[in-house]
Amino acid sequence: MTDYRRLAKTWLTPSPNTMILQPTTFCPMDCGYCYLPNRHRKKDLSVDTVEAIVRGMADDWFTDKPVEIVWHGGEPLAVGVDKFEELLQPFEPLRAAGKVVQRVQTGAILINDAWCDLFRRYEIDVGVSIDGPEHTNHNRVDRGGRPVFSRIIRGIEKLKEHGLPFTTLAVVTIEGTTRAVETLDFFADLGCHWVGLNVEAKEAANVSGTTPEIDQAQRFWRDAFEWTAEHPDMTIREVDNMAKFLSYDTEIRKADGRHDLIPTISWNGDVVLLSPELLGVHDKRYNDFIVGNVVDTPLSTLLEDVTRVPYVREFLDGLDACKQSCQFWDYCQGAHAGNRYFEHQTFTATETSHCQVAFQAPALALAELLREDTP
Ligand code: SF4
């Protein structure tokens with residue numbers, strides 16, 4: 001019989017490094033590849049629920065590294081600046097003690113002076129979702145189908161005007177795989193120093209998402225590696241991850257990594273684990289992925305023994321199968337739980353088109369470059 005508690009100890013963090021909170025379900029945008037199923041409805045998180053979340057965080061979660069609180073939506077800024085400030089209050093004693101840091105991931109179209117003032121006062125790290133130059137953002141539209149690119153840029157200009165640093169997250173579509181250099185030049189000119197590149201995947205409401213083939217992704221990552229060599233001031237998340245991995249001793253590279261449980265808490269306090277994309281997805285087999293509600297049960301209790309959760313057990317089985325079968329395991333460590341489910345409707349699956357383009361393709365691209373460099 002599988003000893004899930006042992007597997008959980010090996011592959012899951014004992015407490016969360018990151019928590020994702022949904023201040024509102026609503027988003028004024030309607031991006032073509034958005035995975036959020038309830039983005040047209042407006043349901044807001046209450047201060048009472050945030051207080052319950054904070055009460056439910058256990059003391060032993062706070063080590064030398066602060067827990068990252070990420071406000072994600074919907075569009076988190078759609079909740080309004082005053083309400084958002086109210087939602088921040090219960091975390092203030094923890095932030096003052098250096099136990100949590102605040103972060104928001106936004107489409108940026110609502111950023112104005114009042115938001116910038118709030119970001120500064122609460123030391124909120126800002127991540128902006130933008131895909132590259134204007135023509136690569138055709139998927140980013142408002143509810144009337146109008147492009148929002150100029151409004152995103154206006155929001156970014158506001159951040160710059162206030163001297164606020166920001167990071168960026170971009171979706172790379174099939175067409176985007178041929179435009180790595182153009183895309184990365186754009187981000188360098190935009191004034192950010194960190195970009196995460198999410199190759200488009202089929203997930204949640206983005207049921208028609210088309211993932212590039214592995215050779216298309218390999219070409220993209222090859223171009224990205226070459227670009228990085230010429231632009232040391234810019235950090236590309238995936239290139240950086242690979243560089244860090246290669247810098248470790250063999251023994252560390254061979255060691256098992258741990259997956260963060262990433263508790264993601266909806267506007268009404270429901271909690272899903274392992275993948276924020278599972279929030280709002282209906283599947284009776286998995287009780288809609290909800291492991292409990294923070295209003296009834298402290299979050300620390302909900303996370304006490306996650307091996308009682310069937311989809312967590314399945315994910316542990318999937319990791320075990322990956323470790324036994326995949327040559328990319330040491331670097332990839334099993335990729336992301338959500339993609340297994342969205343592509344195969346089970347967490348026990350191993351290979352996905354997502355892991356091919358996001359983990360295997362960069363490794364293959366780098367190996368190809370190194371081979372060419374070897375005399
Ligand atoms: S590359 Fe895919 S199959 Fe291999 S370990 Fe990662 S998730 Fe598993």
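In this chain, residues are counted from 1 in sequence order. In each ligand, atom 1 is the first atom listed, and ligand 1 is the first ligand listed.
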Residue and atom names of protein N/O/S atoms that fall under 2.8 Å from atom 6 (Fe) of ligand 1: Cys332 SG
Check this for me, if you would: do Lys160 and Glu157 make a salt bridge, where the nitrogen-to-carboxylate-oxygen distance has to be below 4.0 angstrom? yes
Examine Trp329 together with Trp11 and report whether their ring centres are nearer than 6.0 Å. yes
Charged N to carboxylate O below 4.0 Å: is that the case for Glu134 and Arg140? no
Short side-chain donor-acceptor distance under 3.5 Å, Tyr341 and Glu314: no
Quick check on the 6.0 Å ring-centre criterion: do Trp194 and Phe166 meet it? no
Pairs satisfying side-chain hydrogen bond (donor to acceptor under 3.5 Å, both in side chains), at least one member in residues 76-97, at least two apart: Glu85-Arg121, Glu85-Tyr122, Gln89-Tyr122, Glu92-Arg95, Arg95-Glu123
